[in-house]
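Below, chain A is the first sequence line, B the second, and so on; all start at residue 1. No experiment lies behind these values; they were computed from the predicted model shown.
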2 protein chains.
Amino acid sequence: GIGAVTVSAVAYTVASQKHTKFDARSLAELDERTKREKGINEQSPMRLRMEKFIREQQKAIVSALEEVDGKKFRADEWTRPNGGGGLSCVLQEGNVFEKAGVNISVVYGTLPKAAMEKMRANHKTLDADVEQLDFYALGLSMVLHPSNPMAPTVHLNYRYFETMRPDGTSQAWWFGGGSDLTPSYLFDEDAVHFHKTLKEACDKHDKDYYPRFKKWCDDYFSNKHRNESRGVGGIFFDDLDETVADADNTFAFVQDCLKSFLPSYLPIINKRKDMPFTAKEKEWQQVRRGRYVEFNLVHDRGTAFGLNVPGSRVESILMSLPLTASWRYMYEPEPKTREHRLVEVLREPKEWV
Amino acid sequence: GIGAVTVSAVAYTVASQKHTKFDARSLAELDERTKREKGINEQSPMRLRMEKFIREQQKAIVSALEEVDGKKFRADEWTRPNGGGGLSCVLQEGNVFEKAGVNISVVYGTLPKAAMEKMRANHKTLDADVEQLDFYALGLSMVLHPSNPMAPTVHLNYRYFETMRPDGTSQAWWFGGGSDLTPSYLFDEDAVHFHKTLKEACDKHDKDYYPRFKKWCDDYFSNKHRNESRGVGGIFFDDLDETVADADNTFAFVQDCLKSFLPSYLPIINKRKDMPFTAKEKEWQQVRRGRYVEFNLVHDRGTAFGLNVPGSRVESILMSLPLTASWRYMYEPEPKTREHRLVEVLREPKEWV
């Protein structure tokens with residue numbers, strides 16, 4: 001198991017010098033004190049409520065996946081010098097999962113200009129004229145790569161951001177997240193079940209969410225250089241701020257989405273994990289893993305953001321990459337094969353529900 | 001063999017409509033006519049002389065590598081609709097090389113704004129105010145990934161660029177290139193031989209070239225997110241334009257560099273290709289291949305440029321990726337092992353000659 005996740009998991013070194021302005025480190029100190037002295041309830045700042053929630057979910061997911069696999073996750077707690085840290089849970093070469101990572105990270109930091117500009121592309125409200133910006137970011141990220149080529153890879157990420165004015169008050173906040181499925185061999189019923197479960201979570205909050213976030217997912221998880229989606233999608237959203245709904249309602253929506261993960265994926269992995277497969281099918285899976293790596297390293301904003309934050313934990317960010325991947329020159333599936341049909345679907349995303 | 005490389009290899013569809021301005025397609029037509037009617041000599045435009053030279057070199061390199069491997073390259077000629085094309089030679093699952101690609105590409109194109117901005121970071125002279133820019137680019141790119149973990153991966157690229165004013169006259173030109181070595185197991189004598197051969201080619205032209213381009217190589221081929229070089233370096237240069245030397249002299253320099261490739265690498269591959277190795281050593285090689293993929297997809301400007309050019313041939317660009325690669329979470333070599341020493345050298349590039 002992942003062990004007791006205590007507040008001390010994100011403890012940081014308290015610097016001895018006085019601060020002349022309110023900075024990321026001061027906020028980290030304040031949050032630690034709040035958690036210690038008052039605990040977390042519905043009146044707590046959203047960042048602390050979200051942190052508590054994703055820590056609980058990480059535990060629940062890790063424990064459910066350990067039951068599927070039969071092997072335990074390795075858990076690494078880590079801290080960042082100026083506040084924040086994380087808990088990376090990784091299962092490698094398991095019975096079912098070739099590599100599975102379930103990661104929480106909490107960052108109190110300062111955005112350098114390069115990272116800020118990437119972020120500003122989608123957050124026009126961010127002040128353009130400052131040299132740097134204090135921010136708070138936390139999220140739960142998960143990628144599961146099963147060994148069996150019939151069992152799909154799945155990805156999930158739910159996150160919360162705040163940026164601060166120099167006096168420490170919140171300048172902007174937003175939620176982002178989503179979950180998507182990447183099969184090497186497509187079983188339509190799996191895609192339908194996955195999408196249906198997500199749609200139900202969305203529909204409880206806003207009937208427009210699923211169609212909007214389903215399309216956003218198809219648009220985002222696209223290997224544009226190959227004109228091919230990464231997988232059969234799911235939902236993806238970003239920038240859910242006060243222009244969309246108030247923080248409490250959006251938090252409730254995010255909670256329902258995240259809680260829908262196990263029901264969306266467990267039936268699929270249980271059905272596929274022990275299916276027979278050939279060496280040729282394993283080879284195709286490896287080529288599809290190569291495409292997964294291409295998306296994550298070339299296009300994924302989260303990965304680029306993470307690698308740009310100074311002092312980020314590279315092993316936790318790149319835990320999303322598969323254990324093994326392959327690039328075969330001009331590897332085109334034969335017409336009318338299952339491999340060919342997958343690529344056709346990836347070229348033109350379908351409506352699954 | 002790669003067969004006769006004829007001028008028709010880069011033939012393109014001649015459009016029937018009249019052009020209202022001189023554009024990339026018109027230049028491609030003009031170049032085809034020049035080659036057909038006059039042949040190529042020392043008075044020909046530099047782009048045609050460079051093209052002739054790299055086509056000869058591609059043939060020589062492919063044929064030398066076929067002799068090492070015992071297996072033949074597959075050769076794919078391809079064309080771009082608006083002029084240009086290439087010849088991709090790939091050997092996959094050979095006796096010595098797991099994957100080897102020797103690729104020529106000739107592009108008559110128009111830079112979209114995104115690609116132009118990437119390029120302008122290093123070419124301040126490029127006009128910032130235009131929406132797009134006609135350009136000509138050609139190059140020989142090569143990556144060889146041997147199967148044996150004792151045998152190093154090697155990369156080479158020599159290229160020539162021109163940008164054109166709307167009237168078709170050359171606005172700017174420059175050469176770029178280099179070659180670098182990436183071992184999984186470091187044999188100092190290999191690194192020394194490789195660097196020494198490159199230094200000799202450089203020294204014939206300018207004693208400052210080798211130290212400058214050696215450092216440039218170390219700075220460029222760096223997985224900055226891991227604070228680790230990709231390999232033990234070699235030389236790298238870009239932007240060699242009229243501020244550095246005249247075109248004829250720089251072309252002569254580029255010729256000597258490219259011709260030094262076979263003498264720099266053949267003795268190494270012949271010494272290492274049949275060495276014994278363990279499964280554990282093969283695993284380490286796979287992890288290092290993962291780092292190679294990280295550099296190429298996250299940091300390499302050439303790859304980003306290629307993937308940004310509309311209609312580019314993705315299979316030729318990503319031919320640089322290894323057949324197989326691996327990402328193991330927290331895979332740290334034990335102190336005092338050969339694996340550990342490699343990482344130490346990659347953290348602090350050495351002077352090899």
Select one option (side chain, backbone, both, neither) describing which atoms of [X] are under 4.5 Å from chain A's heavy atoms.
X        : answer
B:Arg289 : neither
B:Glu315 : both
B:Val298 : both
B:Val293 : both
B:Glu93  : side chain

Inset, instruction - Taking heavy atoms only and a threshold strictly under 4.5 Å, list by residue number the residues of residues 318-330 of chain B that touch chain A; give 'none' if the list is empty. - result: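 Answer by number: B:Leu318, B:Leu321, B:Pro322, B:Leu323, B:Thr324, B:Ala325, B:Ser326, B:Trp327, B:Arg328, B:Tyr329, B:Met330.
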Legend entry - Those residues of residues 218-230 of chain A, ordered by number, that approach chain B below 4.5 Å (heavy atom to heavy atom):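 Interface residues of residues 218-230 of chain A: A:His225, A:Arg226.
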Inset, instruction - Could you tell me which portion of A:Thr303 (side chain, backbone, both or neither) has an atom closer than 4.5 angstrom to a non-hydrogen atom of chain B? - result: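 Neither; nothing under 4.5 Å.
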